[in-house]
Every structure is written in C-alpha cells, then in structure tokens.
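Scroll down for the structure; my scribbles are underneath it.
Here the structure is a predicted model, which means the values were calculated and not measured. Order of the sequence lines sets the chain letters (A, B, ...), proteins ahead of strands, with each chain counted from 1.
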Amino acid sequence: MSDKQPKKVLVAVAWPYAQGPLHLGHIGGAYLPSDIYARFRRSVGDDVLMVSGSDVHGTPITVKADELGVTPREIVDKYHPEFLTYWEDLEIDWDLFTTTGTDTHKRVVQDFFLKLLENGYLYTETSEQFFDEEAGRFLPDRYVEGTCPHCGFGDARGDQCDNCGKTLDPVDLIDPRSKLSGTTPVLRETEHYYWKLSAFNEPMLEWLTSREGWRPHVVNFAVGMVDDGLHDRAFTRDLDWGIPIPVDDLGPGKSIYVWWEAVMGYLSAPQEWAEIQGTPDAWKDWWEDPEAEAYYFVGKDNIPFHAIYWPALLMGYGGLNLPTDVPANQYVTFGGAKASKSRGVGRPLSWYLERFEPDALRYALAQSLPESNDSDITDDEIARRVNDELVATWGNLVNRVVSMTDRYFDGTVPQPGPLTDMDEAAMKARMDTLGDVSDLIYNVKLRAGIARAMTGAQEANVYLNDLAPWTTSKTDMTRTGTTLWVALQMIAANAVALSPYLPGTSRRVLEALGSPIEGRAPRWEAPEVEAGSKLSELAPLFAKVDLEATT
RNA sequence: GGCGGCGUAGCUCAGUUGGUAAGAGCGCUCGACUCAUAAUCGAGAGGUCGGCAGUUCAAGUCUGCCCGCCGCUACCA
C-alpha cells in the first residue's frame, strides 16, 4: 500500500434530480458506496476527487414545476440545499457537490458540443413533433395525453400507456391533447442536432468486452445493448429550460438534451473544483493523465448512460479518460416488494436520522449494499443490524476494553510484558484484517469489506475471552496489562479498518486511543497505542435502538 | 411482446472458469464466562440450492421447458 505511487482517483457519483427528497435507496445505491470507496482511497494516500451535484434540468423537474405552477428554479432551490444537509448528516464527504446550473457547467457543455460538431459526430435533421399553439411550446412525449391505440385507455401518456403498459409514440395517440393547455396539439416541423452514436458500435463493443474486473451484470447489460445496435439519438430539444446550443443555425429555443448534458457534469465539476482551489488546470490530472482512475457509482438503471453513452461521448470528444469501472449497484428494496412509498422508501431520510446515529445507519446500509443482487431491507432489519451486530460486536468490544483499562490501570495504557504466541497471533490478525479489507475495497466489494472488518472485531472478542484479563487481574497484573495492551492495538487497527464505513465513531476511537486523524482520513495502517499514555474519555460508541419506543 | 436478471438454511445474503461431505451474519437450542450496552466465547440443530427434464465421470454452478418475482424497452429517467 504505502510503497505505491499515489494515484489520481476520480470518484464520480450519479447526479440526483433536485426534484424530491432522497430515500435510503439512493444512499445505499450510490452515495454511501462512493463515500466508502473515496475515504478508503484517501487513506491509502491516493489523491481522490469525489464529485457530483444536483441535476437541475431533468424532465421530472419541469414536470413537477408545471404541476405546481412554479418555475423549475424554485423546485431546484428547495431540494438542492436539502441534499446538502443529507451529506452533512451522513458524513458523505464530497470534494464538490455542485449543480448543473453553474456557468462552468454551461461552458464545459457548450465546449463539448462544439468539439463533437468539429469531430463530425453531430448533424442536423428535421422531424415532426407535437406543438401546443396556445402555450407556444413543443411538447415532450409525456406532455401529450390521449386515447391508447392498443387498449382504448383514455388517459394514456405520450410515452407509455399506464393501463396496458405499452410504449407509445405520441403521434399514435387517438385524440391527442396537450397536458399544458388541454388543446389539441398540432404537428410541426422542427430541426434538431442528432448525435452519430451509431458510429461507436464497434469501438464500444471492443472496449466493453475488454473490461476486466467489472461486475458481470454491468458488462452483460451494456454489451447486450450494444449488440442490439446503437442508433443515432437526438442531441437537442425544443426547451428553454436547459443549456442552449452554442450555435444559432437552428434558431432560438434549442437546448442540449438533459441526459447528455448531465453526464458532462463529471467533467465540469472537477473544473469548477479546480477553479475554487485557485488552480484552474488541476482537473486535468484526473482527466488527461492516462494513469488516473475514474470510478462511477450509479444505480443499475443508469448503466446505459455510464457504461455506454458517456464513454461514447468521451470517445467522440477525444483525449479524456474513459471509466476505469462502473460498479453499478442493484436496487435496495423495502419490505420485500419493490421500493414502495408505503413501506419506508417514501420516508424522508430525516425519519431515519432521527432514530439512528449516522454511523449506525451507514453500518446497516453498508451491510446491505445491493452489489450483486437487489437486496431487501426493513426498518426492523436496520435496527437488528445495529443492535445485534454493531453494538454487540464492535461497540461492546471497545467499551469492555476501555472499561477494563480504566478499572485495572486507571485509564493508562499498560506496559506489555513479553508477548506469547497468542499475543503475537492477535497482533498479526489485526494486520490481516487491514490487508483483507483493503483488498476487498480495492475491488469495490464493499459489503464483504465491512463484514471482514467485523470479523476482526470478533477476533478481538475471542482473544479477550481466551486470555480473560478479568481473571488474571486477580493474580498477574503484567499478564493482564499485556492482554489489554494487545487488545488496544487490535481496536485501534480495527477502527482504521472500519473508518471508511464508520468515519465518525472511528475518529472518536482513534482520538481516545491517542492516534487522532490528521487530514480527512486515517492512514491505512495499524496505529500504535503507546504504553503509558492516558486514554481520554470514550463514551459507548452506539446506543441500542428501540423503534417501537420512538415510533 | 422483445431484452436482461432473480428465486440457496427461520430472516438477510455469499457462493471466480461445473469437482473434496453446500457457507456467513443474525435468530434458535445447549454449554462457558461475567470485563462489557442481558453484551462476549464455544458447541449444535436447521437447506429436495423454485420445479421438471437433459449434458457430464461430476451441476447450486451449463442447456431446454415450467412456476413465481423484478428491471429495461431509446427523446422516460
């Protein structure tokens, strides 16, 4: 670890729409895993840049704004600040969490557009779209409603019929009407830029099939999609809310399609970060250095955009790093059924934060990360993880060792005597824990990583039971001191092993044992708890949770 | 409809290229201990690996069909 050259690591995380509160599925699916990974890479000395931000131009935002009769900006201004409080509460440690509404983003996106145009990947084409003459706007698919041509359902949306589930083209609707004004929309010609995505079929397939270490479901899904053939996609929309195209040959009112624009945030956010640092070119270390790595943490619904479209955009731009890995997660489901509002997923994050300590919530989610399959969780399951695993195994371990050190040695780290084989084995076990957890996190097996770290805590419990310092304290204080000294070393190392997952409580443990963290993350090595030093006060790490008492 | 995925102990889940008598955590039973947040440690019970049929010397792990569940299906994110 320590002998490796520090690497530049871009930790890129899905951009949430600033359109509604986040739920545990979002946290477990993307934001927590990225934070765990980023914290770990900081610990081993790499230069991590973790960025994301609120997508302010997403269609759901304009839909919601139209429904409420407010501007999209008002929606964004409500939810973006709310997101920031989540990050603070959960200690999601961004280098920058911005929005797609910044000048930097606009500049980068428009530059990207021009570069694609220059490289021959954009062309114009005319098509017919529904236009609401009363509202004076072209209508996105879901703004058109009418009778479903398949089942006769009267309120089918232009993109899909909610009754029979079929995918529709708004032009096929019988008696179409505008959702904006209720009037009958008319077909009107409109000219747009199209992206020559079809040109990337071959290189994309070649790139995808040569990825090593990617999760099977990610590669399979992406390859399957490319195998079906990539088709050219419209690159612009008839919208005012968005980033206008930087050329005027199509007239006004043309914005870059929000999805293409949003993923470019991975490029613009590091530039904004660099500007804030006062080193405007610093972002290039993460984007242009071939040795730099880039990890994209997203949910599985985002695989096409991060494993295909964004890499294709980058290929079209040229000279920028493609993703090192897209460790997409599956879904966190609640109470068996799919993510449903009635079973907890609709609960605001604050509901959980009122009942669980941040690290306790992080623990339960980390143990349930849907890395290879959808994973199911319930409120009781979260409480069970906290009470029967986290408190019982780790919290109690720390507490019992600190208590004995207080009782038998007045809170001073005892001087160890000669180490026996059992002592040596325990000292080695703590190093193995750090090594194993490190291997697992490097491979983005975060769930296995925290389980392994907990095994380390169990090993310390076994060691204590075998050596029984509460018994030896009656006859042999040297032996007792040695045992507690070893146990303290194990705890300190284990706090480091857990630190990516449980940053707040790990910090408390390390401070109490005399190894305060310098910087944002502890060094990934076993700290030395010095004999003779005085332990500072350390209250129990976690409290047990009783949901019934607080509900 | 098309594409993809899932169904492994009571619960939540692991199980690289098919190969020793199928694993973990929690729960449960019994025992040990009492420093510790009735926590800890040990032992044990518990599974036709959704069903059926194949391929193979050998299948949870490959093929086909069936049952149940889910996601995506391109201007929807």
note = Between Glu371(A) and the options Lys445(A), Arg215(A), Arg447(A), the salt bridge (charged side-chain N to carboxylate O under 4.0 Å, His left out) test singles out Arg215(A)
request  = Give one of base, sugar-phosphate or nothing for His231(A), where a contact means two heavy atoms less than 4.0 Å apart.
outcome  = base
Separation of U40(B) C1' from Glu389(A) CD (nearest whole Å) = 15 Å
query = Mind checking whether Phe131(A) and Phe138(A) have ring centres under 6.0 Å apart?
reply = yes
query = Across all strands shown, which nucleotide pairs with A43(B) by Watson-Crick or G-U wobble geometry, both distances under 3.5 Å?
reply = U29(B)
task = Determine yes or no for a side-chain-to-main-chain donor-acceptor pair under 3.5 angstrom, with Thr100(A) supplying the side chain and Ala262(A) the backbone.
result = no
task = Give a yes or no on whether the ring-centroid distance for Phe305(A) and Trp259(A) is below 6.0 angstrom.
result = yes
query = If we take the C1' atom in both U55(B) and G44(B), what is their distance in whole Å?
reply = 39 Å
task = Summarise protein proximity over nucleotides 32-39 of chain B in one line of letters, 5' to 3': B for base, S for sugar-phosphate only, - for none, counting protein heavy atoms closer than 4.0 Å.
result = -SSBBB-S
query = Rounded to the Å, how far apart are Phe221(A) CZ and G5(B) P?
reply = 10 Å
ask   = For RNA chain B, whose closest nucleotide is more 5', that of Asn220(A) or that of Arg447(A)?
value = Asn220(A)
Between G25(B) (C1') and Glu459(A) (CD): distance, integer Å = 15 Å
request  = For Asp423(A) and Thr483(A), indicate whether the former's side chain and the latter's backbone hold a donor-acceptor pair under 3.5 Å.
outcome  = no
ask   = Nearest-Å distance, CG (Leu369(A)) to P (A14(B))?
value = 11 Å
Asp301(A) CG - C70(B) P separation (whole Å) = 17 Å
remark   = Whole-Å distance, Leu467(A) CG to U40(B) P, equals 19 Å
ask   = Taking a pair as Watson-Crick or G-U wobble with both distances under 3.5 Å, which nucleotide is matched to U48(B)?
value = none
ask   = Is there a Watson-Crick or G-U wobble partner for G68(B) with both distances under 3.5 Å, and if so, which one is it?
value = C6(B)
inquiry  = Distance check needed: C72(B) C1' versus Tyr331(A) OH, whole Å only.
reply    = 8 Å
A59(B) to G18(B) separation - P atoms, rounded to the nearest Å = 13 Å
ask   = Expressed as a whole number of Å, how far does the C1' atom of G50(B) sit from that of G42(B)?
value = 36 Å
P gap between G51(B) and A9(B), integer Å = 10 Å
message = Strictly by Watson-Crick or wobble contacts shorter than 3.5 Å, is anything paired with U63(B), and which nucleotide is it?
response = A53(B)
task = Give Thr455(A) one of three labels, base, sugar-phosphate or nothing, depending on what nucleic acid heavy atoms sit under 4.0 Å from its own.
result = nothing
query = Which base, if any, makes a Watson-Crick or G-U wobble pair with G1(B), both distances under 3.5 Å?
reply = U73(B)
message = Tell me whether Glu67(A) is salt-bridged to Lys64(A), with the criterion being a basic N under 4.0 Å from an acidic carboxylate O.
response = no
remark   = When rounded to the nearest 0.5 Å, the distance separating CH2 of Trp310(A) from CG of Leu313(A) is 6.5 Å
ask   = Which residue, Tyr257(A) or His217(A), contacts RNA chain B at a nucleotide closer to its 5' end, judged by nearest heavy atom?
value = His217(A)
U20(B): pairing nucleotide in any strand, Watson-Crick or G-U under 3.5 angstrom = none
task = Verify the contact: side-chain N or O of Asn373(A) to OP1 or OP2 of C70(B), cut-off strictly under 4.0 Å; return yes or no.
result = no
query = Roughly how far apart, to the nearest Å, are U61(B) and A22(B) at atom P?
reply = 14 Å
query = P atom, U29(B) versus C66(B): distance in rounded Å?
reply = 45 Å
ask   = Taking the same atom, C1', in G71(B) and in A39(B), what whole-Å distance lies between them?
value = 42 Å
task = Scan Ile377(A), Ile382(A), Val332(A) and name whichever one has a side-chain contact (heavy atoms from CB on, under 4.5 Å) with Leu24(A).
result = Ile382(A)
P atoms of G25(B) and G64(B), separation to the nearest Å = 36 Å
request  = Any strand is fair game: report the nucleotide pairing with A58(B) by Watson-Crick or G-U wobble, both distances under 3.5 Å, or none.
outcome  = none
ask   = Any chance NZ of Lys300(A) has more than 12 other-residue heavy atoms, nucleotides or ligands included, within less than 6.0 Å?
value = yes
key: d(CG, Asp374(A); P, C72(B)) in whole Å   = 11 Å
